[in-house]
Amino acid sequence: MLSIHARQVLAKAVLPILILLAVGLVLLGLVRRPAVDGVRLMATDFMAPAYHGLVWPQERAKVWLTDLRGATDLAKENARLRDENRALRHWYDVAVALAAENGRLKKSLHWIPETVPQYVTGRVTRDDGGPYSRAVLLDVGSGHDVRIGDVALDAAGLLGRVTEVGPHTVRVLMINDDASRIPVTLGSSHGDAIMAGDDTASPRLIFYPQDHHPVEGERVETRGQSTMPAGLPVGTVHYSAPNRPVVVPDADLDRLDIVRVFDYGDDDSQAPDAPGRVRVKKLPQNPLTGPLPFSWLPNLPDMPGRGGQ
Amino acid sequence: MVAENSTPHLHSAVEPKQTFRRALDMAARAAMPSLFVMFSAILLSAPFGIPGQAQLQFGIAMCTVWFWAYSRPRSMPALAVFLCGLVVEIFSFGPPGTVLLSLLVIYGVAHHWRYGLSRLGFIAGWLIFSIFAALASFFQWALVCLHAVALLSPAPGLFQAALTIGIYPSLTALFVWGRRTFANPDQA
């Protein structure tokens, strides 16, 4: 048994020791953040079924509310859907015609078909952004082959990239996170830029060519680089203020549900060592002094400088 | 506010018999504040899509630790604060250690000043809490900036501080009621 004095000293020392441990955790977070995030990912993996259970009543309530709203205004909803269906049929015909034309053009150009990327589909387990970051956790099930750097898309466009991978869960850093930098190409001005997240709904465009400013409303697509393929839809350009172009994302970043994670593989296409150059043999330092060695050839003038080809 | 033993009529010469069931009941009542913080942290990490969910995690933990540390320290010992902080850290994705450190610091302050705070009125206690909530949010923001090596917008931190300060009165009302009833070990 400890004496009363020893117990008093111990009781006074508990808080400073715990504060020191907390400071240690802060330092660990600064130098080895992935280790801490790994533990958090494991906890989320463990809690994933419980999250589904917790969110289930909310999802059901949303479905009922949607049904209820639809039931109250059936005639108007029907008219809207008929109009939308008519427009979609038109766009379907256009898409089929364009696909056929694209196929013909590719055939005539002997286009090498691109590899089909592998993908997994997952449900958003939780929004784990916190106050200062924008990220989501996806439940992709066991046995997945997702790697860090893979690309996440929803039905409409680019969402972000995978930053941490757990046994069942992966963490996707969204394009509007402050740490996100995505190389993009602008559709009509054909300039390249970097799309930088700033924790708002619309990421900024930076490092665009000063003689080709982004045009309001033009499409923004990804530029091929490393594991990021070219041509993925990102959004449209919008000027929120003069000289401040932002991207309005196609993807609905606020209400994410089903997300696909694509593995476009490593960029193993390596450029040649010295593109466009041929190794030139070094000329002898001393010019030829004697008669040329091929002077026996007929009709060849005997002049120096023709031998070093 | 009265610091401890708020039910003097129960401290009569005749004490109820100490049975295992009573001991369990007392432990459960004493652990109620810590369990409340842990349960809230886990519940608020689910994807409900409520705006300010992460900030609410921080706010609930801060308010609970502050209130119970000065109001009834036996129900919120330092080790329980540490465990609560660890659970909040695991179920949030902010800069590691900041919530834990903030909780321990606010616990230390409230515990050290518990006699003075108990004598102060609600508004004065709320004002002192507001200062520490703002400081904790500022500390979190500074660490995020340090980690990102950039000056980030302080707006999320301000929102977090405002939310923490804003929910304090309603949570205090709940805790004052709980201290008399379901979280009172003397009533076991």
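In summary, R69(A) and D73(A) do not engage in a salt bridge, as defined by a charged side-chain N under 4.0 Å from a carboxylate O. Checked for salt-bridge contact, R161(A) and D150(A) miss the test: no charged N lies under 4.0 Å from a carboxylate O. Of the charged side-chain nitrogens involved, at least one lies within less than 4.0 Å of a carboxylate oxygen, so that R40(A) and E89(B) count as a salt-bridged pair.
Contact annotation for V124(A): only backbone heavy atoms (N, CA, C, O) come within less than 4.5 Å of a heavy atom of chain B. Residue D198(A): no heavy atom, backbone or side chain, is found under 4.5 Å from chain B. No part of M42(A) comes within reach of chain B, as not one of its non-hydrogen atoms sits under 4.5 angstrom from that chain. Interface remark: F82(B) contributes side-chain atoms only to the contact with chain A (heavy atom separation under 4.5 Å). Looking at D199(A), neither its backbone nor its side chain comes within 4.5 Å of chain B, counting heavy atoms on both sides. Only the side chain of L152(B) comes within less than 4.5 Å of a heavy atom in chain A; its backbone stays farther off. If you measure heavy-atom distances from L103(B) to chain A, you find no contacts under 4.5 Å at all. Of the two parts of F91(B), the backbone and the side chain both hold a non-hydrogen atom closer than 4.5 Å to a non-hydrogen atom of chain A.
Highest contact tally toward chain B, considering only E59(A), Q58(A), M47(A), is held by Q58(A) [criterion: heavy-atom pairs under 4.5 Å]. Ranked by heavy-atom pairs shorter than 4.5 Å toward chain A, the options G157(B), S137(B), A46(B), G85(B) are led by A46(B). Listed options T44(A), D37(A), L18(A), V14(A) were ranked by heavy-atom pairs under 4.5 angstrom with chain B; first place goes to L18(A). Of the listed residues P156(B), P96(B), G97(B), the one with more heavy-atom pairs under 4.5 angstrom with chain A than any other is P96(B). When each of L25(A), L256(A), L21(A) is scored by its heavy-atom pairs under 4.5 Å with chain B, the top score falls to L25(A). Most heavy-atom pairs under 4.5 Å with chain B: of the set I19(A), L30(A), L27(A), this distinction falls to L30(A). Annotation: maximal heavy-atom pairing with chain A below 4.5 Å, among P95(B), S153(B), A155(B), occurs at P95(B).
Heavy-atom neighbours of F39(B) CZ from other residues, nucleotides or ligands within 6.0 Å: at or below the threshold of 12. In the displayed structure, R32(A) atom CZ is contacted under 6.0 Å by at most 12 heavy atoms of other residues, nucleotides or ligands.
The ring of H213(A) has its center closer than 6.0 angstrom to the ring center of Y208(A). In this structure, F67(B) has its ring center no closer than 6.0 Å to that of Y168(B). Taking the six-membered ring for Trp and the full ring otherwise, F138(B) and W141(B) have centroids separated by under 6.0 Å. Proximity of the aromatic rings of W177(B) and F182(B) is defined here by a centroid distance below 6.0 angstrom, and this criterion is met.
Both the sub-6.0 Å distance and the 45° axial angle are satisfied by R260(A) relative to the ring of Y119(A).
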